[in-house]
Amino acid sequence: MEFDIAADSAGTYKCRGTQYDDFCPTQQQFESEGVVLTIITATPLENPADATAYGGGSHTFTCKFPNPFVGQTYEIVWSFKGAGDSAAQPMIGNGDVYENGERIIDGTISKDHTTTSGEISTELSITNVNGAVAGEYLCTIKWGRIFIKSNPATLTVRTISEPPMTTNVAKGGDAKFTCKTTGDAEGTITFHNAADNTPVGSVVATPVTVAGVVTTTGVLTIAAAADSDSFEYYCKATWSGNEVKSASVYLAVLGITETTPTAWGVQSKSALFECKSDAVLKKNAAGDALLTDSGKTILTAAAVTWEYYDTDSSTWKASTEDNRFSIQQSSIGTNGIRVSPLTLRDLASEEDGLKVRCNIVYQPDTDNHFFGATVTSGDMVLKIAQISSLTVSDAQPIKGTTITLTCTATGESAPTFTFKTGNKKSVDSTYFEEVSVIPPGDGASTTHVAKYVTKTLIANVLRSGTIFKCEADYGLALGKFEAEVTVTTNYDCSEVKVKSKNPEGNGATITATDLGDGSLKQTISCPADTDEARFELITGESSAESITCSKTTGKYDPPFLGRCQETKPLTTGYGKQIMTFESPAGTPGPCDPNTSGDYSPSAMKARLNTMTDSICGFRQFVPCLKADVPTCTLDLDKSGCSFDDQTQQLSLEYHVILNTPVWKVQEKDALVAYTPGVKIKFWDCSEDYSSFNDGKRKRRDIEDSDFEFKSFELHEANKSATGGESYSKDNTRTNLPAVTVGVALAVTLTIVLSYLLIAR
């Protein structure tokens, strides 16, 4: 019998039967014993509640039932209906749920084991919540065939349903991390640096809702990835302050790990460049290889190309445009590094500094989260091993000095250096004496310097110097290089004798000046002028104030220094006038000791030396005496006259002392010289000289017309104050030309006068 139990269905129930058939022709009734039906309320005291859980977290459902069968054994069963399931399925005793052999719910069921209580409680705890635990949960208690079921409770899960994956990217390429969330609402997705939790970049989020489940896809793009972007990232999803974090994943930036910064070669030989790059995907900062499920490393697919820099066009060109380049087969070592070689043959010295670079074209691998790009290396430079310079400390040394030749060569290792001159195998010891040889260092550098220190012995100006050569030997397989420089040894002017036309002992000084280029200048300086003497430098075609010795000739030009001419001050002067009479020899004349009266020696001296007579005397005709303020003084002792009766010549001679000495003859002449053609008068004077008469009758005064002069001549006596001759600059004696003046006069006396005047 079946019937729906209602609240009033409680009571005792019996089964009653009636039998009437062939075996029992008389109808009989049978009645069973009574069955007591007790009504138990089939409602849990507490149903599990709907809830929201977050990925990676935990959640606990609680369920309570009444216990009408105190003391009896009961069974508690939890059931789970996942998304897409048609019906709820019992969970295994420990609360776990498996799907396709994989546990999708990590649950724990607990219950109250006290059977004496009037109620029974149970809990289902779920840890490590993930998207698979979302669904309906219900609990059931059973006493044999009697059971009570709870209402189903819905667990909504908000979680990261698809976390980001370990990713590799070629340097310079764009890497992408993808993080997906699911839940009843859209989650806010951000990415962070696992080291310090700082946010990284901006995320592009795309939400999609299906059957009430919101799936949000967030993509973080690392543009132009660099080494600095290589670290661990995690994704964080946030709903109303509640957050879920993914596990950290690594971004490996692959690229060129090493190149040949400098490739060395020698002329006509070959050079090798190498480009090394990452060839396997990585999973962490330690560089461990990312493996397949079968444990194999994952290689990157890449193509290698090379370029060289064309200086003519200032562009990079493919190596295939020059057939001397050869790209060798790449190889991958056990360290996961791809080695890609390039060779260049037939090197030329002018290619020193040639630049090349490699390109690694990485192909993307989406299955293994590898983003490709082209990675270009830095410049690799070709260096030609050769002598870069040969210098000399002084290419124009002076004989006897020490010079240093410095030979600088480039190369991966130091060559063997040799110094020599001309076509010799060593240095010519006739011209140079070796002092020391300084070899290059230990070869740690690529620049190697050897020095040769030598002393110059002989001037080699006449043969235009000596060619020094430096030879750098890089070995039999590489070859030799030579460089040369010319050294010209010059004369030492300090050893050349200085010649001068100056007499020794006159106080002149000679000063030597080093002109700094090996030339030496000599300069003569005359003594300073004093009151007793003055000096003047005299030079000519072969002499000069300064002469210079050239290191290239070893001679002075001009050959002589000039001389210092000494001049004494001129303090005196004199002049002489000579008159010739036509009287017979032996006839006394003026100033003759045998003549008395007006023309006696004393009378004549008085007339000539007078300083007051306005007509007669030397004063009227000598410029320095004639001046209003005389600039000289007549020397009365030396001035006067004399007469030679045999030649009938009367000599009138004056001597003066200059008040102020002069230094030039011309200056003295202007003061002392007698004017040519003018007679010094001793007659027709303005003063009376009768005191010289001998008492005889005084004759009338003699007049100019009383004399008949035959002739008179004028000469210059050029004497210095010391009696020495005075010379002009060209060292020639100067005399005034003779002047002859003829004068015819009436004869009033028995004598005829002629005179010669020498003014000086």
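Atom OG in S125 sits 10.5 Å away from atom CG in D106 (nearest 0.5 Å). The distance from atom CG of D229 to atom CD1 of I222, rounded to the nearest 0.5 Å, is 5.5 Å.
T374 is listed as a side-chain neighbour of V361, based on a closest heavy-atom distance under 4.5 Å. Put simply, the side chain of I141 reaches to within 4.5 Å of the side chain of I120, judged on heavy atoms. Taking 4.5 Å as the limit, every side-chain heavy atom of F370 sits out of range of all side-chain heavy atoms of I298. For the pair V157/T182, no side-chain contact is recorded, criterion being any heavy-atom separation below 4.5 Å from C-beta on. Counting heavy atoms from C-beta on, the side chains of T217 and T178 come closer than 4.5 Å.
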Quiz: residues 300-310 side-chain donor-acceptor pairs under 3.5 angstrom, not counting sequence neighbours:
{"from": "T300", "atom 1": "OG1", "to": "A279", "atom 2": "O", "distance (Å)": "3.2"}
{"from": "T300", "atom 1": "OG1", "to": "R338", "atom 2": "NH2", "distance (Å)": "3.2"}
{"from": "T305", "atom 1": "OG1", "to": "N359", "atom 2": "ND2", "distance (Å)": "3.3"}
{"from": "E307", "atom 1": "OE1", "to": "R357", "atom 2": "NE", "distance (Å)": "2.7"}
{"from": "E307", "atom 1": "OE1", "to": "R357", "atom 2": "NH2", "distance (Å)": "3.2"}
{"from": "E307", "atom 1": "OE1", "to": "N359", "atom 2": "ND2", "distance (Å)": "3.3"}
{"from": "D310", "atom 1": "OD1", "to": "D312", "atom 2": "N", "distance (Å)": "3.4"}
{"from": "D310", "atom 1": "OD2", "to": "S313", "atom 2": "OG", "distance (Å)": "2.8"}
{"from": "D310", "atom 1": "OD2", "to": "K317", "atom 2": "NZ", "distance (Å)": "3.0"}

Name each donor-acceptor pair under 3.5 Å that joins a side chain in residues 186-195 to protein atoms two or more places apart or in another chain, with its distance.
{"from": "T190", "atom 1": "OG1", "to": "H192", "atom 2": "NE2", "distance (Å)": "2.8"}
{"from": "H192", "atom 1": "ND1", "to": "N197", "atom 2": "O", "distance (Å)": "3.1"}
{"from": "N193", "atom 1": "OD1", "to": "A195", "atom 2": "N", "distance (Å)": "2.9"}

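Applying the ring pair (Phe, Tyr, Trp, His ring centres under 6.0 Å) criterion to F147, with sequence neighbours excluded, gives no partner residue.
In the displayed structure, K236 atom NZ is contacted under 6.0 Å by more than 12 heavy atoms of other residues, nucleotides or ligands. Counting non-hydrogen atoms of other residues, nucleotides and ligands closer than 6.0 Å to CD of E102 gives a total of 12 or fewer. Within 6.0 Å of the CD atom in E31, the count of heavy atoms belonging to other residues, nucleotides or ligands exceeds 12.
With hydrogens and angles ignored, the 3.5 Å screen pairs a side-chain donor or acceptor of D96 with a backbone N or O of G107.
Taking the six-membered ring for Trp and thresholds of 30 and 60 degrees, Y233 and F231 have nearly parallel ring planes, at less than 30 degrees apart.
Looking at Q267, R324, K383 one by one, the single match for side chain to side chain donor-acceptor pair (under 3.5 Å) with E351 turns out to be R324.
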